[in-house]
S.K.: 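Pasting a structure below so you can have a look.
What you see below is based on every heavy atom in this structure, not just the backbone, and it leaves out hydrogens, waters and symmetry mates.
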Amino acid sequence: MSSEIIQISPGLLALIQGKSQALMPFVRELIMLECHIAGTSHLNLEETEPTLKPGDRFILKREPENQFDHFATAIYTADKIKLGYLPMHINESTARLLDAGKQLFGALETKEWKGQWLKLNIKVYLIDR
């Protein structure tokens, strides 16, 4: 075994230690669920809808103090515009993962007006590091 010192670039060392944000090998985005966003008919989204494009990423934010749903998970655009919630009947696992500090996000698949209801279909992803 050699005892010589090998130079490692600071960028490579940061990458190995997981401190580099520029390149993250082995990171996967796993699809957790596909659903529509609930509650869009209760919000004024007429001005927001034209800006929404398939592939847009959405922020998932827990609302544990929500009076209607202990596992409430709100969905926001990158500009912090509230779009609605994950449906109540499928939000427990995502809520528990968010509570545990895991990183999740939504991505817009399709959008369609159905009367006063803006149907936004999304995929929810877990970032697996």
S.K.: Checking R62 side chain against A72 main chain: does a donor-acceptor pair fall under 3.5 Å?
M.R.: yes
S.K.: Starting from V124, can I reach M88 by hopping between I/L/V/M/F/W/Y residues whose side chains sit under 4.5 Å apart?
M.R.: no
S.K.: If you look at every heavy atom in C35 and I90, which pair is closest and at what distance?
M.R.: CB-CD1, 3.5 Å
S.K.: About how many Å separate NZ of K102 and CG of D128, when rounded to the nearest 0.5 Å?
M.R.: 8.5 Å
S.K.: Looking only at atom types and distance, does a side-chain atom of K111 sit under 3.5 Å from a main-chain N or O of L52, one as donor and one as acceptor?
M.R.: yes
S.K.: Is there a donor-acceptor pair under 3.5 Å between the side chain of K53 and the backbone N or O of P50?
M.R.: yes
S.K.: Could you go through D69 and Y85, starting from their C-alpha distance and side-chain angles, then the distance that decides it, and tell me whether this counts as side chain to side chain contact (heavy atoms under 4.5 Å, CB included)?
M.R.: CA-CA 10 Å; D69 181 6; Y85 293 88; over 6 Å; no
S.K.: Out of curiosity, E49 CD to I81 CD1, how far, rounded to the nearest 0.5 Å?
M.R.: 12.0 Å
S.K.: In the structure I gave you, are the side-chain heavy atoms of R57 and Y125 within less than 4.5 Å of one another anywhere?
M.R.: no
S.K.: Should I122 and F58 count as side-chain neighbours, where that means a heavy-atom distance under 4.5 Å?
M.R.: yes
S.K.: Can you hop from L98 to F71 via hydrophobic side chains spaced under 4.5 Å?
M.R.: no
S.K.: Got a sec: does the CD of E47 have more than 12 other heavy atoms crowding it under 6.0 Å?
M.R.: no
S.K.: First locate atom CG of L83, then atom CD1 of I37, and finally report the distance between them rounded to the nearest 0.5 Å.
M.R.: 5.0 Å
S.K.: Determine whether L97 and Y76 fall in the same hydrophobic cluster, where Ile, Leu, Val, Met, Phe, Trp and Tyr are linked whenever their side-chain heavy atoms lie under 4.5 Å apart.
M.R.: no
S.K.: Roughly how far, to the nearest 0.5 Å, is OG1 of T40 from NZ of K82?
M.R.: 12.5 Å
S.K.: Checking side chain to side chain contact (heavy atoms under 4.5 Å, CB included) between F105 and each of I59, L126, I127, I75, which is the one that passes?
M.R.: I127
S.K.: Does the D56 side chain pair with the main chain of L108, one donor and one acceptor, at a distance under 3.5 Å?
M.R.: no
S.K.: In Å, rounded to the nearest 0.5 Å, how long is the span from CD of E109 to NZ of K123?
M.R.: 4.5 Å
S.K.: Is there side-chain contact between L118 and L43, with at least one heavy-atom pair below 4.5 Å?
M.R.: no
S.K.: For the NZ atom of K61 and the OG1 atom of T73, what is their distance to the nearest 0.5 Å?
M.R.: 12.0 Å
S.K.: Parallel, tilted or perpendicular: which describes the rings of W117 and H36, with under 30° parallel and over 60° perpendicular?
M.R.: perpendicular
